[in-house]
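Reviewing the structure listed below.
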2 protein chains.
Amino acid sequence: MQFLSGKCSLGMIISNKCYYGLKAMIELALREGQGPITIGEIARAQGIPVRFLEAILRQLKQAGYADSIRGKEGGYVIAKEPTFVRLGDLILFFEGPLMAVSPSATAHESASPTPIPDVLSPIWKRAEKSLLDVLSSYSLQDLVEMERARNSSEAMNYTI
Amino acid sequence: MQFLSGKCSLGMIISNKCYYGLKAMIELALREGQGPITIGEIARAQGIPVRFLEAILRQLKQAGYADSIRGKEGGYVIAKEPTFVRLGDLILFFEGPLMAVSPSATAHESASPTPIPDVLSPIWKRAEKSLLDVLSSYSLQDLVEMERARNSSEAMNYTI
DNA sequence: TATTATGTCTACCAATTTACTAGAGATTGT
DNA sequence: ACAATCTCTAGTAAATTGGTAGACATAATA
């Protein structure tokens, strides 16, 4: 077994892609107003494989979270105000509907005529809502401020 | 794209295995006190592939949720009072830790000396707790009662 | 206009996980 | 002895994850 590397052989784990995407958005938000930032810079700053990040940023652009400037001196910029970007929305974008219910097996010989009126469905919905409520209580701006606080306290440790 | 068949190409979805496992536990709880129930019966009642269910029940036995009686007239029985089995525990058992944080990439040339003191980690923890709080607010007994209510209301529709 | 630094697109690939299936064996009631 | 059951070890096809490779498009600037 590999120690928490990648997926750790368990279900329901946020994918690396989503994680990289969030970190890229944080980086873009951190540098808002500083002109286009290249894929390479973002990759270096956040420790993301550059060719993988390329595809992730393209998706973020298509979804309207980022804009790109092509050609020399080009790069990516954030497309929305960080205050209005909710963490829950970003995760939903990368991961799709959280906690979807698997279809009740169709090879069902028993009587049930209405398809999938499962006792678990409403519970799933409640759980997903609760999850998204927590995640959406944070904006990208919140994350940026946390990141700034972390960086400055880290710098403190060095000067001591 | 296949319409919600299996995984629907999206992340963070409860696996079929977990879903089957929950349905099997519901079936065992429904028939508590009626003697051993064979894998085949459970599979038929809940629409689960029998050889797959076999492995799932073995896991449930190892975890102490079910007991088995071998040989002829054998089968499975529930091993705990349904009132004391929490939905959150069962899901945790099948899926492992929900919402684990991927490791921040190790190929990090930048300064960060403390490993993975990520701004996202505390948020993940809060989200997971909120999720488990909802899931663990239901016991297996609750599910059984919902299932019974559903079945009887279904029967009603037929007699009308 | 040539160069060069950038983003864009399509395709491909290896490792892992999921969702099973197969077959042989062990156990127990009759 | 027989038959019905659980048990164990493999194996496996399809999907997903986590990338990589290479060719191309675009734009600044010299």
Side-chain angles (χ1 to χ4, degrees), chain A residues 1-2 4-21 23-24 28 35-44 47-62 66-77 94-96 100 102-103 105-107, chain B residues 1-2 4-21 23-24 28 35-44 47-62 66-77 94-96 100 102-103 105-107:
Chain A
M1 183 175 92
Q2 357 177 26
L4 260 185
S5 165
K7 291 218 37 171
C8 176
S9 83
L10 298 165
M12 287 204 63
I13 291 185
I14 292 286
S15 64
N16 267 350
K17 180 180 178 179
C18 177
Y19 195 61
Y20 289 157
K23 296 214 291 182
L28 287 180
I37 308 155
T38 67
I39 298 175
E41 278 180 278
I42 299 168
R44 199 171 345 103
I48 305 170
V50 64
R51 298 303 299 263
F52 196 19
L53 179 59
E54 182 187 303
I56 292 167
L57 283 170
R58 219 185 316 142
Q59 278 190 255
L60 284 169
K61 180 190 175 176
Q62 284 171 353
D67 276 332
S68 67
I69 294 96
R70 299 181 67 161
K72 203 176 175 184
E73 303 295 298
Y76 276 87
V77 292
F94 282 112
E95 303 291 357
S102 289
T106 49
Chain B
M1 184 176 87
Q2 358 177 26
L4 258 184
S5 166
K7 289 216 40 171
C8 178
S9 82
L10 299 165
M12 284 204 66
I13 290 184
I14 291 286
S15 65
N16 267 351
K17 181 179 179 180
C18 177
Y19 195 61
Y20 290 156
K23 297 216 289 183
L28 287 180
I37 309 155
T38 66
I39 298 175
E41 279 179 277
I42 300 168
R44 199 170 344 101
I48 303 171
V50 65
R51 297 305 299 266
F52 196 20
L53 179 59
E54 182 187 303
I56 292 166
L57 282 170
R58 215 183 321 140
Q59 277 191 255
L60 284 168
K61 179 189 175 177
Q62 285 173 352
D67 275 332
S68 68
I69 294 97
R70 300 182 66 160
K72 206 177 174 183
E73 305 295 299
Y76 275 89
V77 293
F94 282 112
E95 303 291 357
S102 290
T106 49

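Chain letters run A, B, ... following the sequence lines, proteins first, then strands; residues in each count from 1. All values below come from the heavy atoms of this structure, side chains included, with hydrogens, waters and symmetry mates left out.
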Between [N] ([atom2]) and [X] ([atom1]): distance, integer Å:
X	N	atom1	atom2	value
Y20(B)	dC20(C)	OH	C1'	9 Å
F94(B)	dT18(C)	CZ	P	13 Å
Q59(B)	dA19(C)	CD	P	13 Å
I14(B)	dT17(C)	CD1	C1'	16 Å
E41(B)	dA4(D)	CD	P	14 Å
I56(B)	dC8(D)	CD1	C1'	16 Å
I42(B)	dT5(D)	CD1	P	12 Å
K17(B)	dT16(C)	NZ	C1'	15 Å

Quick one, give me the B/S/- string for nucleotides 21-30 of chain C, reading 5' to 3', where B means a protein heavy atom under 4.0 Å from the base and S means that only happens at the primed atoms, P, OP1 or OP2. BBB--BBBS-
Shortest non-hydrogen contact from A24(A) to L53(A)?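 Where A24(A) meets L53(A) most closely, the heavy atoms are CB-CD1, 3.9 Å.
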Contacts table for residues 54-62 of chain A: side-chain donor-acceptor under 3.5 angstrom, sequence neighbours left out:
residue	atom	partner	partner atom	Å
E54(A)	OE1	R51(A)	NE	3.0
Q59(A)	OE1	K17(A)	NZ	2.6
K61(A)	NZ	S68(A)	OG	2.8

Between [N] and [X], is there an OP1 or OP2 to side-chain N/O distance shorter than 4.0 Å?
X	N	result
K61(A)	dT8(C)	yes
Y76(B)	dT7(D)	yes
N16(A)	dG19(D)	yes
S68(A)	dT8(C)	yes
Y19(B)	dA19(C)	no

Tell me what G75(B) touches on the nucleic acid: a base, only sugar-phosphate, or nothing, going by heavy atoms under 4.0 Å. sugar-phosphate
Please classify the nucleic acid contact of L57(B) as base, sugar-phosphate, or nothing, using heavy-atom distances under 4.0 Å. nothing
Atom pair CD1 (I69(B)) and OH (Y76(B)), whose distance is rounded to the nearest 0.5 Å: 9.5 Å
Gap separating the CD1 atom of I42(B) from the OH atom of Y20(B), nearest 0.5 angstrom: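 So the CD1 of I42(B) and the OH of Y20(B) are separated by 14.5 Å.
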Test item: V77(B) and L28(B) side chains (from C-beta on) under 4.5 Å apart, heavy atoms: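 A side-chain contact is absent here, since even the closest heavy-atom pair is not under 4.5 Å.
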By salt bridge (charged side-chain N to carboxylate O under 4.0 Å, His left out), E41(A) pairs with (sequence neighbours left out) R31(A)
Backbone N/O of I14(B) and side chain of E95(B): donor-acceptor pair under 3.5 Å: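 Pair absent, no side-chain N/O of E95(B) close to backbone of I14(B).
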